[in-house]
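What follows is one structure encoded as structure tokens, with my remarks underneath.
Computed from a prediction, not measured in an experiment: that's the story for all the values here. Chain A is the first sequence line, chain B the second, and so forth, proteins listed ahead of strands; every chain is numbered from 1.
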Amino acid sequence: MESVLESVKSGIIRAITGAAEKARAEGKIDFETLPEFVLEVPREKGHGDFATNIAMLLARHVKMQPRRVAEMINEYLDTAGTWVARREIAGPGFINFFLDSGWMYAVLPRIEEQGNRYGSSDTGRGKKVQVEFVSANPTGLLHMGNARGAALGDTMASLLQAAGFDVSREFYINDAGNQIENFGKSLEARYLQQLGHEVPFPEDGYHGQDIIDTVTGIIKNDGDKYVDVDPVLRREFFIKHALEEKLNAIKRSLENFGVKYDNWFSEQTLHESGAIDKVLDELRERGSIYENDNALWFKSTEFGDEKDEVVVRSNGTPTYFAADIAYHKNKFERGFEWLINIWGADHHGHVRRLKGAVEALGYDPDNLDIVLMQLVRLFRDGEIIRMSKRSGEFVTLDDLVEEVGRDAARYFFVMRSADSHLDFDMDLAKSQSTDNPVYYIQYAHARICSIIRQLEEKGGALPEARDCNLLLLKETAEMDLIRKMIDFPEEVSEAAVNLEPHRIARYAHELAGLFHSFYNSHRVIVEDRELQDARLALVISTRTVVGRALELLGLTAPESM
RNA sequence: GCGCCUAUAGCUCAGUUGGACAGAGCAACGGACUUCUAAUCCGUGUGUCGGAGGUUCGAGUCCUCCUAGGCGCGCCA
């Protein structure tokens, strides 16, 4: 359904187009095709509710002063039935439109009618999208980078769903390759060490306490029965056992963070099914692969990369990159029309070559978007928490959720755009004060619930917006709040299409701010029953929109605080 | 050395995709609770938009160069 904003704007745009064409028909101005003008909301309130730049764009073609063109168009402009009350020509040639404020009231019955669907749209037209995020190595615990990826990916997916895309959330499990071999060797060494054998620990092994715990668990169940087992079989067992344990822990952590996947995709299956060999054959046929030094290389330089990349090592084993190519082909084969990957910025070097590989396979690389997110720095007591496995100070996702809570953690991770470095202030995230944006937003929701409770205690009934005299809402604070809610559907689809969840974090904060202003200057429960009903309609809608914004961000909407 | 990202108020960051006088939060100061939750609100001001050129009616936004910081440049992932 067309939003309130869209329908008002499209009416004015039609009028502008009509005026330009009429002026041309009467020989006043001459142009072949109308330039792509915009009808936008000016920054300055004094410049009207909407403004168009059509005159400045046309001026270039018709070789007239922009203001003269504006006057011409203004003369032919018929804005009957568009809510436009007044218009002016200003600045270098803008035509500003001032609307009768009545145009805004329609949003309240709209929100009431759509409820939690308000803000959703058909922008995506059911396009199949896959968001792949976190995809952490199943050999360790989830760190801050994974946590930010989880919050960003999950929120993007929610936004895309709201914008009418058919979304699937996926986690790629790196359960194959060198690092897994290494993982197996580490487990094996720990196992033997725990049982008193003097064995060296692998040079690049996994030093964490967590794998010692895993091994202790194995010993508890099976004792020393693997000491005399063939090492290859032994490692195979350890890997299988440990991966399952780790993966379950990762799943639990993410669920605890409010993130649920539609699919967990195992890299190992690509090796076992022959998908990797197949995709390499295909690339070879297409001439994108060559042999050098007994290894196979992908010609990524043909796609703008700095150098070519090995896909099969001289020892015959495929690289991670080879698996990734097969994985992305698999994604397209599953019918996804738009692939979104969320990666840490330290992986940016792989973007070119993966897109190159996608292109080499005959797919459009523009259908693969790789969102790079900058790293997270944790602050506590004003100091950076330096995390390293060696120092032992290592904050995991579980630690973070336990310390600051899931809502604060999720909000802080998405409140900045992905490509800005994130300074995560643990003290601020924990504080239950005005400084904390999470509480600020949730408090707005709780306050509205409180008003409604008060009303019900007094035996009052909730009105329906369409039965209210909404014209009674004419205070600045009321109109600002209504105007903001009108923007919500566009805000959601813009945030979705541009993969910018921070816009919704910001929007929620601004909306809450407008509500708090209103709350402090006007009472809802008042003597005047008609006014009370109109204001109730206003705050009920506000609760819906704040609640929906919180929901999209994956936060709870408390009824009292 | 080459490549990618970043640079906006004292701090942390937005900036409607090229529009009019560049915004918000925090910090600072002063106010507002016998009334729906003061976890709130209302006032007070701050900018060589890192620097230099260019593109045009118009640049924080696009192009080039320079400076500073982060990251990457393995037959690791």
(Q) On the side chain of A:His509, is there an atom forming a donor-acceptor pair with the base of B:rG25 - under 3.5 Å, no angle test? (A) no

Q: Compare the minimum distances between each of B:rC57, B:rC36, B:rU6 and the side chain of A:Gln454, then state the nucleotide with the smallest one.
A: B:rC36

Q) Can you find an N or O donor on one side and an acceptor on the other, under 3.5 Å apart, linking the side chain of A:Asn96 with the base of B:rA20? A) yes

Q: Determine the interatomic distance between C1' on B:rA68 and the same-named atom on B:rG50; round to the nearest Å.
A: 8 Å

Q: Between A:Gln179 and A:Phe50, name the one whose nearest nucleotide on RNA chain B is closer to the 5' end.
A: A:Phe50

Q | From B:rG3, B:rG23, B:rU17, nucleotide with atom closest to A:Glu44 side chain | A | B:rG23

Q. Watson-Crick or G-U wobble partner for B:rC65, using a 3.5 Å limit on both distances?
A. B:rG51

Q: Classify the side chain of A:Ser521 and the base of B:rC41 as holding, or not holding, a donor-acceptor pair under 3.5 Å.
A: no

Q: Verify the stacking flag for A:Phe94 against B:rG19: centroid separation must be under 5.5 angstrom and the ring planes must differ by under 30 degrees.
A: no

(Q) Is it the case that B:rU17 (base atoms only) and A:Asn498 (side chain only) share a donor and an acceptor within less than 3.5 Å, ignoring hydrogens and angles? (A) yes

Q: Give the ring-plane orientation class for A:Trp297 versus A:Tyr290, where under 30° counts as parallel, over 60° as perpendicular and anything between as tilted.
A: parallel

**Q.** Phosphate OP1/OP2 of B:rU16 contacted by A:Arg503 side-chain N/O (<4.0 Å)
**A.** no

Q) Can you tell which of B:rU35, B:rG3, B:rU40 lies closest to the side chain of A:Asn520? A) B:rU40

Q: Select one nucleotide: of B:rC13, B:rA20, B:rC75, the one nearest the side-chain heavy atoms of A:Arg313.
A: B:rC75

(Q) Quick check on A:Gln65: does its CD atom have over 12 non-hydrogen neighbours (other residues, nucleotides or ligands) under 6.0 Å away? (A) no

Q | First of A:Ser314 and A:Ser560 reached from the 5' end of RNA chain B, by closest nucleotide | A | A:Ser560

Q: May I ask you to verify if any side-chain N or O of A:Arg43 is less than 4.0 angstrom from the OP1 or OP2 atom of B:rA20?
A: yes

Q) Crowded around A:Arg68 CZ? As in, over 12 foreign heavy atoms under 6.0 Å? A) no

Q.
If you only use heavy atoms from C-beta on, which nucleotide in B:rC42, B:rU40, B:rC75 is closest to the side chain of A:Arg447?
A. B:rU40

Q.
From the set B:rG58, B:rA14, B:rA20, return the single nucleotide nearest to any side-chain atom of A:Arg506.
A. B:rA14

Q | Side chain of A:Val41 - closest among B:rA20, B:rG72, B:rU16 | A | B:rU16

Q: Side chain of A:Met561 only, please: which of B:rA39, B:rC36, B:rC71 is the nearest?
A: B:rA39

Q.
Using a 3.5 Å distance criterion without hydrogens, assess whether the side chain of A:Asp407 forms a donor-acceptor pair with backbone atoms of A:Thr556.
A. yes

(Q) When you measure only distances, ignoring hydrogens and angles, does the side chain of A:His516 come within 3.5 Å of the base of B:rC41 through a donor and an acceptor? (A) no

Q | B:rG51 and B:rA22, which share atom name P, separated by this distance in whole Å | A | 16 Å

Q. With respect to the side chain of A:Ala51, which nucleotide from B:rA20, B:rA39, B:rC41 is positioned closest?
A. B:rA20

Q. At under 4.0 Å, does any side-chain N or O of A:His502 touch on OP1 or OP2 of B:rG15?
A. yes

Q: State whether A:Thr319 places a side-chain N or O below 4.0 Å from either non-bridging phosphate oxygen (OP1 or OP2) of B:rG74.
A: no

(Q) Applying the Watson-Crick and G-U wobble criteria at under 3.5 Å, what pairs with B:rA14? Answer none if nothing qualifies. (A) none

Q) A:Asn178 side chain N/O closer than 4.0 Å to the phosphate oxygens (OP1, OP2) of B:rC76? A) yes

Q. Looking only at side chains, do A:Asn137 and A:Thr139 share a donor and an acceptor under 3.5 Å apart?
A. no

Q | Pair A:Phe97 and A:Phe50, ring centroids less than 6.0 Å apart | A | no

Q) Looking only at atom C1', what distance separates B:rG60 and B:rG23, rounded to whole Å? A) 12 Å

Q.
Side-chain N or O of A:Tyr519 versus OP1/OP2 of B:rA39: is the shortest distance under 4.0 Å?
A. no

Q) Quick one: is B:rA14 close enough that its OP1 or OP2 comes under 4.0 Å of any side-chain N or O from A:Ser417? A) yes

**Q.** Heavy-atom pair of closest approach, residues A:Asp425 and A:Leu428
**A.** OD1-N, 3.1 Å

Q.
Measuring from the side chain of A:Asp423 (C-beta onward, heavy atoms only), which nucleotide among B:rA39, B:rC13, B:rC71 has the closest atom?
A. B:rC13

Q) C1' atom, B:rG15 versus B:rA7: distance in rounded Å? A) 15 Å

